[in-house]
Amino acid sequence: MATKIIYLTVGNKQEQVEFRSTDSIDEVRDTFRAAAEAGPHDVLKLYNNRGSIVNISPKLPDNTPDSKYRLEVVATYIDDLTVDKSRQEDIRNIERRLEDLEKLILVDAGTIPHEVHDMKLKIQSFNDKLEGIEHLSWLGLFKDISSGTSLQPFWNKKATAKQDEASYQHVYDRFMKMSKVDITEEVKEYLCKPTFDNWQWDDAEMLMLLRQMFIDLKFTTKFNIEMDILHNWLFEVYHHYNAIPFHNFKHCFMVTQMMYGLIQIMDLPKKLSDLEVLILLTSSICHDLDHPGYNNAYQVNAHTELALRYNDTSPLENHHCAVTFEILENSSANIFKNVPPEGNKKIREGIIRCILGTDMAKHCEILSSFKKILPDFDLQSKDHIDMLLVILVKVADISNEARPMEVSEPWLNCLLEEFFNQGDTEKMEGLPVGPFMDREKVTKPMSQIGFIEFILLPLFEALAQLFPIIEEHIVVSVRNALKYYTDMHDALEREKEQSFAS
């Protein structure tokens, strides 16, 4: 009976494990856990000598003492998947002290030093890592890709990365306290600008700013939206965004803020109906609800619950729509409950159309259809308006590069981290690794140059044909971003050439 000997390192120790090729996957995993002195619920990762993650299974390729695998315990099981409450309270105390310091500095100096901003990001990052222990526990790290017997969906709504309820309650309490205070005119004016910097605002403050958009667009009066219901709805939306690197509540806010800015810059309330403007803002807020951090290609290839439910057709976008209307089913959070039935029907149709239009697989088809109607675009045509609303939500959704580089580049880092997390999982599960998902091959400029040149600019320039005013506000910034990443790419290439020459 064939026996395999695998050589590996665990920390600073040299180990070797021995198992038979007929051993079960569980028996092999237990052997590796013993080598790592890990518990039965701990999460392990195994790397080859090129740094790539490899699957722990009876089919693991043989190696030699000169090509040792590296075994790491990446997450230790914690009872009930909770982090010690006192540690959480310590973090909240630090956050509160930093907020007080920030306010004092702002009053004295009139501006916030970047060191304070960096410190906030580090605290948030540390908090995210603590909360990410739950995330690590449900990743399919050890799926036996050789057996082909597992049909269990990877995506599991109950296990999606969430903040703990105390954190949600903390945000809600702050939101309610701030809702009793008026926002200054300076902030209202800043909220309309594409240069808005989200990194200065926390979640409760962003909820407050979303509320202000509804007030300033007079939606609360035009659609008779009760303030308590608006608060409940906004918080439910916040609660349904997951703690993942990119498609989180902050992304929801930034997309909505860009939409709000476009509404003001393009003077859309004078060109569209109140209902249509409401559809634009609501679609932007809800467009990525309950995003699990893994794109449609992953959902389809991994045969997830979402892919099975929606027959491989825009599974994420269909899910975002479904969650949107699940929230609205609650009468205490239904901001449209005072809208007549015919208006509700139009709102539902419009939101579904706009959110489904954010599926990038449909991008070329949608842009082509929009370009065809541009020469004869008619604001009185329902078909033309429906297409315009879809285009506007698409523009807002992928508008990060229209912002100042100090705002947009951290967002790119977040996006790549989410992509790379997916790529790691695809490798471990034996699935095709999607474009831009491989952390070993993708660089920052590589990920952006083609995207900006062939996706962003054609879309933004098409909209600018209809509304030339956006040229100076967002199109120029996108062209500048293309130059920035092209220059970065060229510099990296020169650096490579010099290293080869030396």
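Bear in mind that the values here come from a model prediction, so they are computed numbers and not experimental data. Positions are given from 1 along the sequence. Keep in mind that the numbers below use all heavy atoms, side chains included, and drop hydrogens, waters and symmetry copies.
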Sub-4.5 Å side-chain heavy-atom contact between [X] and [Y]:
{"X": "Ile391", "Y": "Met387", "result": "yes"}
{"X": "Ile225", "Y": "Trp233", "result": "no"}
{"X": "Met227", "Y": "Leu230", "result": "yes"}
{"X": "His251", "Y": "Leu415", "result": "no"}
{"X": "Asp197", "Y": "Pro404", "result": "no"}
{"X": "Ile279", "Y": "Val393", "result": "no"}
{"X": "Pro315", "Y": "Tyr298", "result": "no"}
{"X": "Ile263", "Y": "Met213", "result": "no"}

Do [X] and [Y] have side-chain N/O donor and acceptor atoms under 3.5 Å apart?
{"X": "Asn242", "Y": "Asp290", "result": "yes"}
{"X": "Glu329", "Y": "Asn334", "result": "no"}
{"X": "Ser368", "Y": "Glu365", "result": "no"}
{"X": "Asn413", "Y": "Lys444", "result": "yes"}
{"X": "Glu165", "Y": "Gln169", "result": "no"}
{"X": "Tyr484", "Y": "Glu409", "result": "yes"}
{"X": "Ser477", "Y": "Asn480", "result": "no"}

Quick one: does any side-chain atom of [X] pair with a main-chain N or O of [Y] as donor and acceptor, under 3.5 Å?
{"X": "Asn344", "Y": "Val339", "answer": "yes"}
{"X": "Asp202", "Y": "Ala204", "answer": "yes"}
{"X": "Glu401", "Y": "Leu456", "answer": "no"}
{"X": "Asn296", "Y": "Leu316", "answer": "yes"}
{"X": "Gln299", "Y": "Tyr294", "answer": "yes"}
{"X": "Arg403", "Y": "Pro194", "answer": "yes"}
{"X": "His384", "Y": "Asp378", "answer": "yes"}
{"X": "Ser381", "Y": "Phe377", "answer": "no"}
{"X": "Asp312", "Y": "Val300", "answer": "no"}
{"X": "Thr304", "Y": "Ala307", "answer": "yes"}

ring-ring contact (aromatic ring centres under 6.0 Å, His included) contacts in which one or both residues fall within residues 392-419, not counting sequence neighbours: Trp199-Trp411, Phe246-Trp411

Qualifying ring-ring contact (aromatic ring centres under 6.0 Å, His included) pairs with a residue from residues 433-481, counting only residues at least two apart or across chains: none

Geometric class of the His247/His291 ring pair [parallel <30°, tilted 30-60°, perpendicular >60°]: parallel

Whether Phe235 and Tyr238 hold their rings parallel, tilted or perpendicular, with breakpoints at 30° and 60°: tilted

Pair Glu493-Lys496, salt bridge (charged side-chain N to carboxylate O under 4.0 Å, His left out): steps then yes or no: CA-CA 5 Å; Glu493 289 300 308; Lys496 281 184 187 176; 3.6 Å; yes

Worked check of salt bridge (charged side-chain N to carboxylate O under 4.0 Å, His left out) between Asp490 and Arg494: CA-CA 6 Å; Asp490 293 344; Arg494 286 194 298 271; 5.2 Å; no

Worked check of side chain to side chain contact (heavy atoms under 4.5 Å, CB included) between Leu463 and Leu388: CA-CA 9 Å; Leu463 184 60; Leu388 176 61; 4.0 Å; yes

Can you measure from [atom1] ([X]) to [atom2] ([Y]) and round to the nearest 0.5 angstrom?
{"X": "Leu191", "Y": "Met206", "atom1": "CG", "atom2": "CE", "result": "12.0 Å"}
{"X": "Leu416", "Y": "Met437", "atom1": "CG", "atom2": "CE", "result": "9.5 Å"}
{"X": "Leu281", "Y": "Leu262", "atom1": "CG", "atom2": "CG", "result": "11.0 Å"}
{"X": "Leu210", "Y": "Ile285", "atom1": "CG", "atom2": "CD1", "result": "5.0 Å"}
{"X": "Asp397", "Y": "Asp359", "atom1": "CG", "atom2": "CG", "result": "10.5 Å"}
{"X": "Ser314", "Y": "His319", "atom1": "OG", "atom2": "NE2", "result": "14.0 Å"}

Residues Asp164, Ser167; criterion side-chain hydrogen bond (donor to acceptor under 3.5 Å, both in side chains); working and verdict: CA-CA 5 Å; Asp164 63 90; Ser167 297; 2.9 Å; yes

Charged N to carboxylate O under 4.0 angstrom, [X] versus [Y]?
{"X": "Glu276", "Y": "Lys382", "answer": "no"}
{"X": "Lys250", "Y": "Asp203", "answer": "yes"}
{"X": "Glu453", "Y": "Arg479", "answer": "no"}
{"X": "Lys218", "Y": "Asp274", "answer": "no"}

CA sep, side-chain torsions, deciding dist, call: Arg211, Ser179, side chain to side chain contact (heavy atoms under 4.5 Å, CB included): CA-CA 9 Å; Arg211 170 186 184 264; Ser179 68; 4.1 Å; yes

Near-ring test His240/His320, centroid separation under 6.0 angstrom: no

Non-neighbouring partners of Phe253 that pass ring pair (Phe, Tyr, Trp, His ring centres under 6.0 Å), sequence neighbours left out: Phe196

Residue from Phe336, Tyr260, Phe214 passing ring-ring contact (aromatic ring centres under 6.0 Å, His included) with Phe219: Phe214

Lys346 atom NZ, neighbour heavy-atom count above 12 within 6.0 Å: no

Whether over 12 other heavy atoms sit under 6.0 Å from Lys177 NZ: no

Residues Asn198, Gln257; criterion side-chain hydrogen bond (donor to acceptor under 3.5 Å, both in side chains); working and verdict: CA-CA 9 Å; Asn198 71 284; Gln257 188 277 325; over 6 Å; no

Test salt bridge (charged side-chain N to carboxylate O under 4.0 Å, His left out) applied to Lys427 and Glu440, step by step: CA-CA 12 Å; Lys427 290 176 185 178; Glu440 298 174 5; 3.8 Å; yes

Worked verdict on Asn330 versus Ser332 for side-chain hydrogen bond (donor to acceptor under 3.5 Å, both in side chains): CA-CA 5 Å; Asn330 182 349; Ser332 67; 2.8 Å; yes

